[in-house]
Novice: 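Just passing along the structure, written as structure tokens.
All chains are named by letter (A, B, ...) in the order of the sequence lines, taking the proteins before the strands, and each is independently numbered beginning at 1.
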Amino acid sequence: MNSGLPLRDMSNSTPETRRFDPGEIEPRWQDAWDEADVFHVDDDAEDPSYVLAMFPYPSGEMHMGHVRNYAITDAFARYRRMQGDAVLHPMGWDSFGLPAENAANRRDIDPREFTMDCIANMRSQMELMGLGLDWDREVTTCEPEYFRWNQWFFKQFYEEDIVERQTAELNWCPDCETVLADENVDPHPDHEGTCWRCDTPIEHREMDQWFFTTTDYAGELYDTLDEMDGWPENVREMQRNWIGKQEGASVSFEMTTGDSVDIFTTRLDTIYGATFFALAPGHDVAGEIAAEHSEVAEYIDRAESSDDLPETSGVFTGEYAENPATGEQIPVYVADYVLEDIGTGALYAVPAHDERDHAFAQAHDIEIRQVVEPTAAAEHDPEDIDTEAAAYTDDGVLVDSGEYDGLASATARERFVEAFDGEFRTAHSLRDWCISRQRYWGTPIPFVECPDCGYVPVPEADLPVELPEFVQTTGNPLDAAEEWKHVACPDCGGDAVRETDTMDTFVDSSWYFLRYVSPGLADAPFDSERASEWLPVDQYVGGIEHATMHLIYSRFFTKVLDDMDLLTGVREPFENLLTQGMVRKNGEAMSSSTGNVVSPRPFVDSYGADTGRLFMLDAAQPEKDFDWTDEGAQSAHDFLQNVYGLAVAYAEGEVNTGDGGAIDEYVAREIDGAAATATEEFEQFRFNHALQEVRDLVSLLRRYADHTEPRAETFERGLETVTKLLAPVAPHTAEEVWHELGNSSLVATAEWPPTDTPAGYDTARLLVENTREDVRDIVDVAGIEEPRTIEIAVAPDWKHYARQRARELDGNVVGQLMGDERLQAHGEAAADYAKSLAGAGHLDEQLPPEREREALARASWLLEREFDAETTVYGPDEAPENLVSEATPGRPGIRIEE
RNA sequence: GCGAGGGUAGCCAAGCCAGGAAACGGCGGCGGACUCAAGAUCCGCUCCCGUAGGGGUCCAUGCGUUCAAAUCGCAUCCCUCGCACCA
């Protein structure tokens with residue numbers, strides 16, 4: 001026993017020499033990484049692991065959500081780097097946007113200046129965290145070098161007909177004085193919704209705006225989701241909901257007005273039950289009719305100005321539409337429940353089989369005609385269906401549908417398309433992306449409006465169109481920049497004005513991950529060849545709040561760029577996606593307004609960056625929310641000091657070393673086992689599980705040194721393995737420990753430990769754990785006060801043999817086993833054992849006898865230590881008979897004496 | 001309403017895809033070692049009954065498949081999130 005220097009007192013006996021000062025070591029190692037250029041990835045790197053955190057909006061201060069995001073990507077990036085991969089882990093700034101403009105207005109400064117200060121501040125905080133980022137690839141979207149490519153893309157998209165000018169009713173925030181995308185309107189129960197920034201109720205306005213035609217890609221954006229296994233199901237589902245998909249058919253109705261009106265339906269099977277026709281108030285034909293019928297015009301006015309018409313409101317137009325199925329003339333209504341932007345804004349109504357149609361029919365006293373009834377297999381009895389009382393909306397069998405009676409709904413839908421001259425259509429609810437913003441702090445849209453030539457793109461040679469000096473105004477600032485605004489038309493040279501809208505900042509973030517590939521490139525947005533090789537991003541990490549907008553727009557951009565041959569064969573930008581959970585405090589989201597917050601900088605000042613990183617990754621799996629607690633942070637800090645203390649004690653010769661004895665092999669195997677398990681866990685982003693292995697290994701090394709004089713080579717390998725496994729998570733501490741252990745290189749670039757699990761590791765571990773538990777049970781149940789000796793005996797060879805045979809046998813196991821001469825020799829005992837094997841059901845694989853003995857012998861020190869009793873392990877042929885008789889493979893015989 | 005994800009011991013939480021040992025961890029609680037003491041560290045216990053490793057009951061509920069179910073299937077109840085006047 002090594003009683004000379006009890007390690008257990010070490011951490012505190014002389015704290016001043018045992019503890020490290022994060023404030024001292026962290027900057028030192030950050031400098032060392034910089035000097036060695038550890039995080040730079042060369043342009044000629046072959047398909048590096050691309051690990052990407054969603055780039056932040058530079059608000060000026062990092063919050064714990066950022067820290068968590070980057071702690072995750074950094075740990076993964078560092079892990080991959082140690083495995084020998086080239087790793088691209090870049091960072092940039094999503095630096096255009098309204099907050100900077102608002103702040104500039106408030107403080108009477110320039111948004112650019114404000115933004116650049118914020119960036120500098122946030123960058124210094126990231127450096128403080130010791131994030132391993134390739135700053136050579138830093139990208140800042142508000143720099144002309146970046147946003148000129150937004151303009152370039154815009155022009156390219158324009159030529160490819162992906163940019164359109166559309167008149168649309170847009171969401172208008174009267175407070176921000178800007179158009180909002182649907183995505184930026186928060187739903188509200190009482191009205192149309194509120195502005196996502198200022199919560200002001202929004203209004204609607206008709207405006208001409210620039211759009212990207214995302215709808216062209218709706219089908220692919222939707223369908224590919226099924227194959228995107230690397231994305232969490234909830235995000236995929238949110239995108240499915242967002243994009244929407246309705247498979248149906250369109251059919252045309254001839255109207256008494258002379259118009260032919262297209263409808264879209266998913267229930268073409270119910271067409272025989274159509275008893276009226278309805279148009280949205282905004283439908284063109286409704287407008288035409290209104291021109292002649294004042295009642296209709298009045299209704300449309302009311303519908304468009306007020307949001308609270310009753311659901312069944314509507315007005316008969318006096319016109320009729322011909323049902324192509326029946327030839328019948330059905331009355332045409334204009335009804336508010338028909339929405340202009342869903343389907344075609346016109347529908348035939350089947351009150352018997354649609355709830356809204358039913359309600360409308362009842363209110364307007366229109367016939368309800370049932371044409372579908374439940375099949376025999378359905379839950380409802382056809383007798384119980386009363387379509388006068390309620391619509392029956394399930395599929396079923398057609399009735400009252402002329403020659404088609406008896407057809408199943410699904411079949412009818414297919415047949416009717418042909419029969420009534422319709423066409424199959426898949427509709428998506430995704431809309432084109434309005435990118436116009438009436439703000440200053442964004443990318444100017446590179447167009448000029450000429451009174452003679454219309455909208456004319458700014459020639460490529462004149463890009464970038466830079467922003468004029470900031471103007472404070474309540475309206476659109478660029479519109480007020482008189483000098484900047486007036487230019488000569490690029491086509492005719494006449495007087496013209498620039499487009500004064502800027503682009504939605506989601507344009508910036510739709511391709512920034514491509515710019516990282518070649519950030520300084522002056523003649524193209526990115527190096528196409530390299531980007532095609534480096535993309536998709538291997539691992540993308542960010543918040544769930546970007547599930548729809550950013551993550552759909554980026555997918556859209558990637559597809560467009562691939563179609564334009566700027567990329568080759570890259571249809572999706574992000575192979576694997578991880579949405580990290582929230583950092584909470586006291587069960588609630590951290591919020592600086594309520595003071596319920598922990599700020600990174602002061603935390604790092606007192607505990608160090610590593611403590612924060614370790615705590616965050618240790619507290620929960622990345623996708624889950626977790627509560628920040630002071631205890632947790634303290635415990636993470638203690639652990640780091642603990643590891644450091646152990647390493648220093650060893651390095652300074654305070655751990656007496658020797659040959660370790662039988663224990664040594666046990667420890668050696670545990671080191672290998674820990675490395676193997678931790679690696680699997682890192683691979684799956686389960687840092688907390690990997691860290692558990694590290695904690696266990698540290699604890700084992702302490703017990704090893706406490707119990708005996710450890711073998712130097714093993715002990716040192718154990719410490720090095722701990723250090724390496726810890727390095728991705730607590731990189732500064734790991735460097736310091738690595739250095740203390742006598743290494744002159746950096747652990748950041750060290751080779752990851754070997755990850756082969758020792759042979760029979762899991763089985764042996766289970767055997768040892770079970771045996772230890774059995775001993776505890778016996779001591780406990782038998783009331784043994786102070787065990788003096790513990791004897792353990794491996795089952796005899798013949799039992800192992802019998803068990804092995806039994807695993808291969810079917811049928812009469814006992815009979816077949818006892819037919820074996822080798823077992824017959826053991827008579828009654830063999831027969832009993834054969835019976836128990838036969839009754840056992842499944843038989844696990846067990847170690848062969850000699851291996852079992854070795855495993856128990858290696859671990860016997862644990863029993864010795866726990867019970868302070870002399871422990872003997874007998875091999876299969878060495879043990880006393882009475883001990884062996886109870887032993888079975890995987891379950892050694894045990895005898896304990898006081 | 002549609003869809004997705006869930007319901008595991010006092011609490012948090014793994015395991016479930018690839019069925020096989022009352023079910024990893026952590027917190028809290030209890031006991032012990034070390035200490036003058038505290039802290040730190042270490043060793044146990046923490047569903048019920050058991051003076052030699054045994055028995056019973058168990059993973060929301062109920063059925064079912066199987067030699068064997070927390071794990072697979074069906075049904076029911078509850079929670080969380082997303083979408084929703086989608087024709």
Novice: When you compare the protein's N or O atoms with those of nucleotides 9-14 of chain B, which come within less than 3.5 Å of each other, and at what distance?
Specialist:
residue: B/rA14; atom: OP1; partner: A/Lys624; partner atom: NZ; Å: 2.1
residue: B/rA14; atom: OP2; partner: A/Lys624; partner atom: NZ; Å: 3.3

Novice: Does A/Arg267 put a side-chain nitrogen or oxygen below 4.0 Å from OP1 or OP2 of B/rA87?
Specialist: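 For A/Arg267, the contact criterion (side-chain N or O under 4.0 Å from OP1 or OP2 of B/rA87) is not met.
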
Novice: Who pairs with A/Glu423 by salt bridge (Lys or Arg N to Asp or Glu O under 4.0 Å), at least two apart in sequence or on another chain?
Specialist: none

Novice: A/Glu681: which residues meet the salt bridge (Lys or Arg N to Asp or Glu O under 4.0 Å) condition with it, sequence neighbours left out?
Specialist: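 With sequence neighbours excluded, A/Glu681 shows a salt bridge (Lys or Arg N to Asp or Glu O under 4.0 Å) to A/Arg686, given in chain and number order.
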
Novice: Which listed nucleotide (B/rG5, B/rA21, B/rA87) is nearest to the side chain of A/Val338?
Specialist: B/rA87

Novice: Could you say whether A/Leu766 or A/Lys245 is positioned toward the 5' end of RNA chain B, judged by the nucleotide with the nearest heavy atom to each?
Specialist: A/Leu766

Novice: Out of B/rC42, B/rA21, B/rC85, which nucleotide sits closest to the side chain of A/Asn770?
Specialist: B/rA21

Novice: I would like to know whether A/Arg431 and A/Asp341 meet salt bridge (Lys or Arg N to Asp or Glu O under 4.0 Å); could you show each step before the answer?
Specialist: CA-CA 9 Å; A/Arg431 303 217 227 142; A/Asp341 51 10; 3.3 Å; yes

Novice: Can you check nucleotides 25-28 of chain B for protein contacts, nitrogen or oxygen pairs under 3.5 Å, and list what you find?
Specialist:
residue: B/rG25; atom: O2'; partner: A/Gln692; partner atom: OE1; Å: 3.2

Novice: For RNA chain B, list all stems, counting runs of three or more consecutive pairs where every pair is Watson-Crick or G-U wobble with both distances under 3.5 Å.
Specialist: B:1-7 with B:77-83, B:10-12 with B:25-27, B:28-33 with B:41-46, B:47-49 with B:54-56, B:60-64 with B:72-76

Novice: Side chain of A/Thr265 only, heavy atoms from C-beta on: which candidate in B/rG82, B/rA87, B/rC85 is closest?
Specialist: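 Out of B/rG82, B/rA87, B/rC85, the nucleotide with an atom closest to A/Thr265's side chain is B/rA87.
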
Novice: A/Arg765: which residues meet the salt bridge (Lys or Arg N to Asp or Glu O under 4.0 Å) condition with it, sequence neighbours left out?
Specialist: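 Per chain and number, A/Arg765 pairs via salt bridge (Lys or Arg N to Asp or Glu O under 4.0 Å) with A/Glu670.
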
Novice: Taking only side-chain N and O atoms of A/Arg703, does any of them lie within less than 4.0 angstrom of OP1 or OP2 on B/rC43?
Specialist: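 Affirmative; the distance criterion is met.
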
Novice: Under the rule for ring pair (Phe, Tyr, Trp, His ring centres under 6.0 Å), what residues qualify as partners of A/Tyr607, not counting sequence neighbours?
Specialist: A/Phe603, A/His637

Novice: Would you give a per-nucleotide map of nucleotides 68-73 of chain B, 5' to 3', where B means the base has a protein non-hydrogen atom under 4.0 Å away, S means only the sugar-phosphate does, and - means neither?
Specialist: ------

Novice: Take nucleotides 48-60 of chain B nucleotide by nucleotide from the 5' end and write B, S or -, depending on whether a protein heavy atom sits under 4.0 Å from the base, only from the sugar-phosphate, or from neither.
Specialist: --BSBBS------

Novice: Apply ring pair (Phe, Tyr, Trp, His ring centres under 6.0 Å) to A/Phe420 and list each qualifying residue two or more places apart in sequence or on a separate chain.
Specialist: A/Phe416

Novice: Write out all pairs satisfying salt bridge (Lys or Arg N to Asp or Glu O under 4.0 Å) with one or both partners inside residues 632-647 of chain A, taking only residues at least two apart or from two chains.
Specialist: none

Novice: Please list, chain by chain and in numerical order, all residues satisfying salt bridge (Lys or Arg N to Asp or Glu O under 4.0 Å) with A/Arg425, sequence neighbours excluded.
Specialist: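 None.
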
